[in-house]
Structure formats: structure tokens, C-alpha cells
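Right, one structure below, let's go through it.
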There are 2 protein chains.
Amino acid sequence: MADQTRQTQALGRILELVVVLSEDMTRGLERLGLTDSRAHLLWELHHRGPSTQRTLADALHVSARNITGLVDALVATGFVTREPHPTDRRATLVSFTEHGAATAAALERGQHEFARILFEEMPDHRLDGLVEGLNEVLDRLRKHGVSIESGADQ
Amino acid sequence: MADQTRQTQALGRILELVVVLSEDMTRGLERLGLTDSRAHLLWELHHRGPSTQRTLADALHVSARNITGLVDALVATGFVTREPHPTDRRATLVSFTEHGAATAAALERGQHEFARILFEEMPDHRLDGLVEGLNEVLDRLRKHGVSIESGADQ
DNA sequence: TATTGTTATACTCTATAACTATA
DNA sequence: TATAGTTATAGAGTATAACAATA
């Protein structure tokens, strides 16, 4: 029972972190004129280079229709452009504007900076312990596909 | 530089966990006929008891209008009812139906069960290391209000 | 025939503003 | 005058289905 308390406490900390981190990211992205979804698309584009909307839809696990909307918004706000695909006239290539490329690069730098701020004063053994613990939790989540409602179907 | 890599890796693991956990929760809630937002309202109601919509709006940090919509949906799907407030005729008390109360209780049991599955085979020292690491990260996030885009404004 | 991306339509969550009933 | 909750309106993200252009 003491164990159960500690386990539940650990899960509670993880869920807290999810909330705090998500809110923090959303606020930061808003300052850049981005939403979570649009930033996600930018992030993929940054790591894949110019991509068709189909590719982006598969990468983000959303519908083609959704990508049309996100790209519309990112074009309207000056982050990306639609270019003709060189060989397939059905497809369009989504590419960065200068502003979009600069923003994506800044997001990447920001991520490293953020990691530094979060962990710079954490002793090595604790950082290691944290990563090992997280890896184990992730493994377990992926393998067992357990769900937080596993006990909830009465 | 090696340090930066390890720190960025740790942040990467945390972000992965955020994604996997969120998706898992959303899927599980969907099986119960709930969305994330509706489950969040149910969760508050479970811990506060019958509440006015105003109270719920403040607890969830959303607008009164939003609560109207969420309660509408939860009434329509049989999780809660609107009851007259005993002393304030402007207000309504949101209360559980039997189904709603059972679902909320099941969510709570499910959370303990989920924690057990995630951590049962984790050695004590690693669980402790994980919790300590998470606490430190949370502290730092809250104190400094840093943002993942902190380096992103060029 | 199959694929790419669009239009059409709809649902959920979210917000602000105007309004009603009550305090 | 202030508060509780609604209606009105709007915008973002998401989905499926029908369709056009192209492969």
C-alpha cells in the first residue's frame, strides 16, 4: 500500500509535468504566432525538408483535409509557401519562407537552451536516473499498450 | 557538448512521454464515451462534489460559456445532471448520475491500476530517482517560467 | 484505377460580448 | 451594481465524403 502510494505519486508527477510543459509550450509558441499543430507541422518540415502535403499528413497522423487547413494558415501567416511539385502535377511541395526557416531553426535552438536550463544543475547520477526511469516507463507503455482507464470498465 | 546531448535527450524522452501518455489517455477515455475535457470536468466534480458551473469554470480555467457546453454534452450522454441550487436561484448545481459517479470512481481506480502496471517492476531506487528528477524539473519550470522557445526570439 | 489535394459539411473545444434572471 | 448562466458569434483543430486533376 505504501508502494501503491509512491507509484501513484510518481504517475501524478508525470501528469503534472505533462500539463505544465504543454501550457508552457503553447504560451511560447503563441508568442511566435504559432499554434501547437502549426508548430508541429513546421517541426516536421524542418527535419524533412520540402514535403508534399500527403507526406505531412502521414507524418502528423492527421487527414489530408487537416493539412490543407494548417498549410493555408501557415501560408497566410508567412511561414511557408506552396510550390509546384517538379514531377507530379497533382502534388504541391510545402517549403519554408525565410521567416519560417528562421523560426524553425530558432525552435531547435530553443529546445537545446530549454534542456540546458532544465537540467544544468542536475547532478549526473540524477539525470541518468531520470532518463532510465523514463525509458522504462516508455517501454512499458509501448509494449503493453496499457491505458490509464484499464480498471475503468467495471 | 556531450552534456548538451544528454540534456536534450532527457527532454526528448519527456516530450515522448507526454505524447504517448496523452494519446493513451485519449483512447481510453474515448472507450468510456468521454473526451479529455469532459473527463477533466468529471474528475473535478469527483473531488469537489456537486458544484456550480462557476466553480467548475474557475477550477478548469476556462470560460463560463465553455462549461455550459461541456455540461450540456455530459448531460446528453448521461454522466451528470443539472440541479437547482438550494439557496441561489441564479446558479445550477452539477451532480453525478449513477453512471457518472461509477465512471469517475472507475477512473480513480484505473489511475492506481495504471500506476501499478507502469511501476511495479521498477526497483525502488529507480522509482525514487525518477520522482526526484521529475520534482526538480517541475520546480525549475514553475520557478523560472522558462519556455521551450526561450531561445527562439532570435 | 489509384492518388493528391480541394470543397462541402460537421463536431469539439475554446473565446468574447450581449443579455436574462437573480443577488 | 455584480454575478450565474445562456444565447450569439467566431475561430482553431479534427474528421469523413464527394470531387477534380493527374498519375
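None of these values were measured; they are calculated from a predicted model. All chains are named by letter (A, B, ...) in the order of the sequence lines, taking the proteins before the strands, and each is independently numbered beginning at 1.
Per the geometry, CG belonging to A:Asn66 stands 16 Å off C1' belonging to C:dT4, to the nearest Å. When rounded to the nearest whole Å, the span between NE2 of B:His85 and C1' of C:dT22 equals 13 Å. Across the protein-nucleic acid pair, B:Glu30 atom CD and C:dC11 atom C1' stand 13 Å apart, rounded to whole Å. The separation between A:Gln53 atom CD and C:dT7 atom P is 11 Å, rounded to whole Å. C:dT4 atom P lies 6 Å from atom CZ of A:Arg90, rounded to whole Å. Taking atom CG on B:Leu56 and atom P on D:dA4, their separation rounds to 12 Å, with Å as the unit. The CG-C1' distance, from A:Leu70 to D:dT14, rounds to 9 Å in whole Å. The CG atom of B:Asp36 sits 13 Å away from the P atom of D:dT14 (whole-angstrom rounding).
When each of D:dT7, C:dG5, D:dT6 is scored by its nearest atom to the side-chain atoms of B:Arg65, the top-ranked nucleotide is D:dT7. Of the listed nucleotides (D:dA15, C:dT12, D:dT6), C:dT12 has the atom at the smallest distance from the side chain of B:Arg38.
Contact annotation for B:Thr87: backbone-only contact, meaning every heavy-atom pair under 4.0 Å involves sugar-phosphate atoms and none involves a base. Residue-level contact check: A:Ser37 touches the backbone only, with heavy atoms under 4.0 Å from sugar-phosphate atoms and none from bases. When heavy atoms are screened at a 4.0 angstrom cut-off, A:Arg89 is found touching the sugar-phosphate backbone but no base atom. Here A:Ile67 lies out of heavy-atom contact (under 4.0 Å) with every strand.
At the phosphate of D:dA15, OP1 or OP2 sits under 4.0 Å from a side-chain N or O atom of A:Ser63. Between A:Thr52 and C:dT4 there is no side-chain N or O to OP1 or OP2 distance below 4.0 Å. For A:Thr68, a side-chain nitrogen or oxygen approaches OP1 or OP2 of C:dT6 to under 4.0 Å. Under 4.0 angstrom from either OP1 or OP2 of D:dT6 there lies at least one side-chain N or O belonging to B:Arg82.
Side-chain contact, B:Glu83 with B:Thr81: a donor N or O sits under 3.5 Å from an acceptor N or O. Between the side chains of B:Thr8 and B:Thr5, no donor-acceptor pair is found at a separation under 3.5 Å.
Using a 4.5 Å heavy-atom cutoff, the side chains of A:Val131 and B:Arg6 are not in contact.
Residue-to-nucleotide proximity on DNA chain D shows that, of A:Thr35 and A:Asp88, the 5′-proximal contact is made by A:Thr35.
Without hydrogens or angle criteria, B:Ser51 side chain to B:Gly49 main chain gives a donor-acceptor distance under 3.5 Å.
Annotation: A:Glu120, atom CD; neighbour count of heavy atoms from other residues, nucleotides and ligands within 6.0 Å is above 12.
Judged by distance alone, with hydrogens and angles left aside, A:Arg54 brings no side-chain donor or acceptor close enough to the base of C:dT4 to form a pair under 3.5 Å.
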